[in-house]
Amino acid sequence: MDDTEDRNLILRARAGSADASGALFERHWLGAWRTAYALTGNRALADDVAQDAFERVIRGLGQFDPARPFGPWLHRIVLNRARDVLKRERRQTPVAEVLDGGSVNGDAGAEARALLAAIAALPKEQREVLVLHRWAGHSLAEVAEIVGSPLGTVHSRLARGMAELTRRLQDDDDA
């Protein structure tokens, strides 16, 4: 995403432009929703998380520093909302529960379901880092900022998460 365009939209939205708020929403909704879905594993929860995150973003634009990238700030809010929802729902492996319940679209292939289940089985910290880096496309420095951990910790969580994910997917292939 173009940080300059985001910055312009943010400044216009702060000045009360509903069009600018709508354009910011359009530019970032899908990425926020995908991240929420990858973290919660449930379409309805992802809808709620992403919507709530955007409401908080729009209300908080006055506190946002437009010199900084918008995406990491948005995804930090999405992550925090997803954590809150999952804590409330008391779900430890949300994607696996959804898959077991057959709630994933019927057109999702077996490989996609296996990948989502393997991601869901990762420890929360590894899953969050992996989703934010590999799924949402944030740099490791941005992920460190989003999750509030040192860069070295993010590196190690990602490495362990990727190794575990690879192992689980290979085990599925061998079965």
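For reference, positions follow the sequence shown, starting with 1. Only this structure's heavy atoms are used, side chains among them; waters, hydrogens and symmetry mates stay out.
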Sorted by first residue and then second, give each ring pair (Phe, Tyr, Trp, His ring centres under 6.0 Å) pair with at least one member in residues 138-170; sequence neighbours left out. His75-His138
Residue list, salt bridge (Lys or Arg N to Asp or Glu O under 4.0 Å) with Arg168, at least two apart or on another chain: Glu164
Check for a donor-acceptor pair, side chain of Arg157 on one end and backbone N or O of Gln126 on the other, with a separation under 3.5 Å. no
Leu39 vs Leu45 side-chain heavy atoms within contact, under 4.5 Å: no
Side chain Glu128, main chain Glu125, donor-acceptor under 3.5 Å: no
What is the minimum heavy-atom distance between Ala13 and Ala20, and which atoms define it? N-CB, 3.6 Å
Could you work out, with side-chain hydrogen bond (donor to acceptor under 3.5 Å, both in side chains) as the rule, every residue matching Asp47, not counting sequence neighbours? Trp33
Please report the interatomic distance CH2(Trp73) to CG(Leu61), rounded to the nearest 0.5 Å. 5.0 Å
With Asp52 via side-chain hydrogen bond (donor to acceptor under 3.5 Å, both in side chains) - residues at least two apart: Arg56, Arg81
I'd like to know if Arg7 pairs up with Asp3 as an ion pair, taking the criterion as any Lys NZ or Arg NE/NH1/NH2 lying under 4.0 Å from an Asp or Glu carboxylate oxygen. no
Checking Glu5 against Arg27 for the side chain to side chain contact (heavy atoms under 4.5 Å, CB included) test, could you report, in this order, the C-alpha distance in whole Å, the side-chain angles of both residues, the deciding distance, and whether it holds? CA-CA 10 Å; Glu5 180 66 21; Arg27 286 173 59 87; 3.4 Å; yes
Is there any side-chain hydrogen bond (donor to acceptor under 3.5 Å, both in side chains) pair reaching into residues 16-25, and which pairs are they, with sequence neighbours excluded? none
Examine Val57 and Leu11 and state if one hydrophobic cluster contains both, with Ile, Leu, Val, Met, Phe, Trp and Tyr joined whenever side-chain heavy atoms are less than 4.5 Å apart. no
Considering all heavy atoms of both residues, which atom of Arg14 and which atom of Pro66 are nearest to each other, and what is their separation? NH2-CD, 3.6 Å
side-chain hydrogen bond (donor to acceptor under 3.5 Å, both in side chains) filter on Arg68, not counting sequence neighbours, yields Glu145
Check: Arg34 side chain, Ala136 main-chain N or O, donor-acceptor pair, under 3.5 Å: no
Can you name the closest pair of heavy atoms from Leu122 and Leu165 and give their distance? CD2-N, 4.1 Å
Results of side-chain contact (heavy atoms from CB on, under 4.5 Å) for Ser156 - residues two or more places apart only: Arg160
Of all heavy-atom pairs between Ala53 and Val78, which one has the smallest distance, and what is that distance? CB-CG2, 3.7 Å
I'd like to know whether Asp84 forms a salt bridge (Lys or Arg N to Asp or Glu O under 4.0 Å) with Arg88, so could you lay out the CA-CA distance, the side-chain angles of the two residues, the decisive distance to 0.1 Å, and finally the verdict. CA-CA 6 Å; Asp84 292 345; Arg88 187 176 64 235; over 6 Å; no
Rounded to the nearest 0.5 Å, what separates atom CG in Asp6 from atom CZ in Phe64? 8.0 Å
What pairs with Gln51 under side-chain hydrogen bond (donor to acceptor under 3.5 Å, both in side chains), at least two apart in sequence or on another chain? Glu55
With a 4.5 Å limit on heavy-atom distance, are the side chains of Asp48 and Val85 in contact? no
Rounded to the nearest 0.5 Å, what's the gap from CG on Leu79 to OG1 on Thr35? Could you check? 9.5 Å
Minimum heavy-atom separation for Leu158 and His133, please, with both atom names. CD2-CD2, 3.5 Å
Scanning both residues in full, the closest heavy-atom pair of Ala38 with Val131 reads CB-CG1, 3.5 Å
Do Val49 and Thr40 come within less than 4.5 Å of each other through their side chains, counting heavy atoms only? yes
Using the test side-chain contact (heavy atoms from CB on, under 4.5 Å), find all partners of Thr166 that sit at least two apart in sequence or belong to another chain. Gln170
Do the rings of Phe25 and Phe54 sit parallel, tilted or perpendicular, given the 30° and 60° boundaries? perpendicular
So Trp135 and Leu130, do their side chains get closer than 4.5 Å, heavy atoms only? no
List in chain and number order the residues that pass salt bridge (Lys or Arg N to Asp or Glu O under 4.0 Å) with Arg134, two or more places apart in sequence or in another chain; answer none if no residue qualifies. none
